[in-house]
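What follows is a set of notes on a single structure, which appears directly below.
Numbered from 1 within each chain, the chains take letters A, B, ... in sequence-line order. Heavy atoms only: backbone and side chains are in, while hydrogens, waters and symmetry mates are out.
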Protein chains: 2
Amino acid sequence: MKVSGNQIIERLKDKRLKVTPQRIAVLEALYTLDSHPSVEKIIEYIKKTYPNIAIGTVYKVLDVLVENQLIHRVKTEKDIMRYDGKLENHHHLYCSESDRIEDFIDEDLDDMLNEYFIKKGIAGFEIEEIKLHIKGKFKDMQ
Amino acid sequence: MKVSGNQIIERLKDKRLKVTPQRIAVLEALYTLDSHPSVEKIIEYIKKTYPNIAIGTVYKVLDVLVENQLIHRVKTEKDIMRYDGKLENHHHLYCSESDRIEDFIDEDLDDMLNEYFIKKGIAGFEIEEIKLHIKGKFKDMQ
DNA sequence: TCTTTAATGAGAATTATTCTCTTTTAAATA
DNA sequence: TATTTAAAAGAGAATAATTCTCATTAAAGA
């Protein structure tokens with residue numbers, strides 16, 4: 001996920017958020033780190049270039065970014081929160097043994113699901129977003 | 001979800017688990033409580049008939065039941081764990097405003113998804129289970 | 001009934017997350 | 001550019017869900 005510094009600033013400005021080094025650092029971490037890092041991993045990464053950042057600030061920044069839909073929260077069966085900087089619609093592959101999460105993008109699948117639910121609907125419920133959570137095992141033991 | 005006391009005992013025995021009053025009480029709570037209760041709700045319910053149960057015991061029992069696949073963990077974007085006693089394949093409807101979760105069962109949908117993934121597969125990943133997480137709003141404000 | 005092994009109870013410990021309050025800073029305005 | 005001000009960050013205490021420890025109890029097989 002390559003996102004330049006200017007793009008990060010643009011994204012913050014688009015949401016009318018103050019552009020602070022801390023916010024940039026958190027987004028930068030999310031765009032750089034492999035995938036779906038925990039707060040701990042995010043802090044670890046940021047501290048390399050910004051050793052004095054306060055942990056509470058990272059939590060607060062993450063909250064603000066989620067509220068403004070610049071990132072998403074992701075939860076697995078383990079009990080810490082993880083974050084996802086990918087904005088396009090995607091699903092998740094998850095292996096509970098390794099707690100590894102990978103993104104899964106499949107437009108054909110999305111089309112099929114949209115068509116299905118437009119036709120069928122769900123009584124008493126207004127659908128906003130459909131995400132698949134696909135559990136299983138990764139074949140390469142990365 | 002009507003599950004009798006005998007059925008509960010059978011389910012524990014099938015998994016070669018010792019049948020203890022605490023385990024029965026936790027399963028009983030899960031089968032009785034509306035849907036997807038938190039540990040707090042489970043404890044609250046059990047304490048009515050079993051005021052001295054230890055909180056740590058409830059957590060441990062829940063772990064054992066999850067390990068043995070008698071129940072499932074469910075996570076939302078809020079940060080406490082919730083549990084689900086339903087064993088049949090089902091999806092979740094979720095409203096983030098109210099943090100309410102409802103089950104969604106649709107065999108046609110499951111058939112369609114199974115067919116799709118049997119045909120297509122996912123490179124490097126062995127699928128074990130597919131769950132939809134459908135976000136939106138409940139129309140009745142229950 | 002006896003024995004063994006596993007489960008429970010009680011409460012301390014841990015730890016992710018939130019909160020409070022003071023200081024600092026981004027950015028709008030003069 | 002300097003000033004102003006509302007919002008953000010820093011520091012660390014507080015909270016609360018969950019886990020851990022270890023002594024006690026109980027389930028279930030012999």
Side-chain angles (χ1 to χ4, degrees), chain A residues 5-6 8-29 36-47 49-68 70-71 73-83 99, chain B residues 5-6 8-29 36-47 49-68 70-71 73-83 99:
Chain A
N6 279 345
I8 289 176
I9 291 171
E10 279 318 305
R11 288 186 182 182
L12 289 169
K13 284 193 174 166
D14 284 351
K15 300 288 183 178
R16 311 260 158 89
L17 294 172
K18 274 195 193 170
V19 178
T20 68
Q22 293 86 347
R23 285 175 175 172
I24 293 170
V26 170
L27 278 174
E28 228 267 307
H36 315 94
S38 60
V39 177
E40 200 190 350
K41 295 261 185 237
I42 293 167
I43 290 169
E44 186 185 308
Y45 178 87
I46 294 175
K47 289 228 164 176
T49 50
Y50 197 149
N52 298 318
I53 195 164
I55 289 174
T57 298
V58 175
Y59 277 99
K60 194 119 50 71
V61 167
L62 288 166
D63 285 349
V64 169
L65 296 177
V66 169
E67 274 166 35
N68 285 276
L70 287 173
I71 64 174
R73 283 190 214 284
V74 180
K75 273 217 162 171
T76 69
E77 288 149 37
K78 299 250 175 7
D79 73 345
I80 56 169
M81 197 63 80
R82 290 162 71 175
Y83 291 86
D99 208 40
Chain B
N6 279 344
I8 290 176
I9 291 171
E10 279 318 304
R11 288 184 182 183
L12 290 169
K13 284 193 174 166
D14 284 350
K15 299 289 182 178
R16 309 260 158 90
L17 294 172
K18 276 194 190 171
V19 178
T20 68
Q22 292 85 348
R23 285 174 175 172
I24 293 171
V26 170
L27 279 175
E28 228 267 308
H36 316 94
S38 59
V39 177
E40 200 190 350
K41 295 261 185 235
I42 293 167
I43 290 169
E44 186 185 308
Y45 178 87
I46 294 176
K47 289 228 165 180
T49 50
Y50 197 148
N52 298 317
I53 196 164
I55 289 174
T57 298
V58 175
Y59 277 99
K60 194 115 52 69
V61 167
L62 287 166
D63 285 350
V64 169
L65 296 177
V66 169
E67 274 165 34
N68 286 275
L70 287 174
I71 65 173
R73 282 190 215 284
V74 179
K75 274 217 164 173
T76 70
E77 288 149 38
K78 300 249 174 13
D79 73 345
I80 56 168
M81 195 65 80
R82 290 162 70 177
Y83 291 85
D99 208 41

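Residue B:K15 places its NZ atom among more than 12 non-hydrogen atoms of other residues, nucleotides or ligands, all under 6.0 Å distant. Residue B:K41 places its NZ atom among 12 or fewer non-hydrogen atoms of other residues, nucleotides or ligands, all under 6.0 Å distant.
B:I24 places its CD1 atom 14 Å from the P atom of C:dA7, with the value rounded to the nearest Å. One interatomic measurement links the two molecules: CG of B:L62 to P of D:dT19, which rounds to 10 Å at whole-angstrom precision. We find that NZ of B:K15 is positioned 17 Å from P of D:dA28, with the value rounded to whole Å. Counting to the nearest Å, the C1' atom of D:dG12 and the CD1 atom of A:I53 are 16 Å from each other. Between the CG atom of B:N68 and the P atom of C:dA6 there is a distance of 14 Å, given to the nearest Å. If you take CG of B:L12 and P of C:dA6, they are 17 Å apart, rounded to a whole angstrom. With rounding to whole Å, B:D63 atom CG is found 13 Å from C:dA7 atom C1'. Rounding to whole angstrom units, CD1 of residue A:I43 and P of C:dT15 are separated by 15 Å.
The side chain of B:K18 has D:dA27 as its nearest neighbour among C:dA10, D:dA27, D:dA9. Residue A:I55 places its side chain closer to C:dT17 than to any other of D:dA9, C:dT17, C:dG9. Comparing D:dG10, D:dT19, C:dT8 against the side chain of B:R23 picks out C:dT8 as the nearest. Side-chain proximity of B:K60 to the nucleotides C:dG9, C:dT8, D:dT19 is greatest for C:dT8. Picking from D:dG10, C:dG9, D:dT18 the nucleotide with the shortest atom distance to the side chain of B:V39 gives D:dT18. Residue B:Y59 places its side chain closer to D:dT19 than to any other of D:dG10, C:dT8, D:dT19.
Mapping A:G56 and A:V64 onto DNA chain D by nearest heavy atom places A:V64 closer to the 5' end of the strand. Taking for each of B:E40 and A:P21 the nucleotide of DNA chain D with the nearest heavy atom, the 5'-most of the two is the partner of A:P21.
Side-chain contact between B:V26 and B:I71 is absent, with no heavy-atom pair separated by less than 4.5 Å.
Side-chain nitrogen and oxygen atoms of B:Q22 include at least one within less than 4.0 Å of the OP1 or OP2 phosphate oxygen of C:dG9. Put simply, A:Y50 has a side-chain N or O that comes within less than 4.0 Å of OP1 or OP2 on D:dG10. At C:dT25, none of the side-chain N or O atoms of A:T20 fall inside 4.0 Å of OP1 or OP2 (strictly under the cut-off).
Within the nucleic acid shown, B:T57 comes within 4.0 Å of at least one base atom, counting heavy atoms only.
Although no hydrogens or angles enter the test, the distance criterion places no donor-acceptor pair under 3.5 Å between the side chain of B:R82 and the main chain of B:S38.
Distance check, rounded to the nearest 0.5 Å: OH of B:Y50 to CD of B:E28 gives 13.0 Å.
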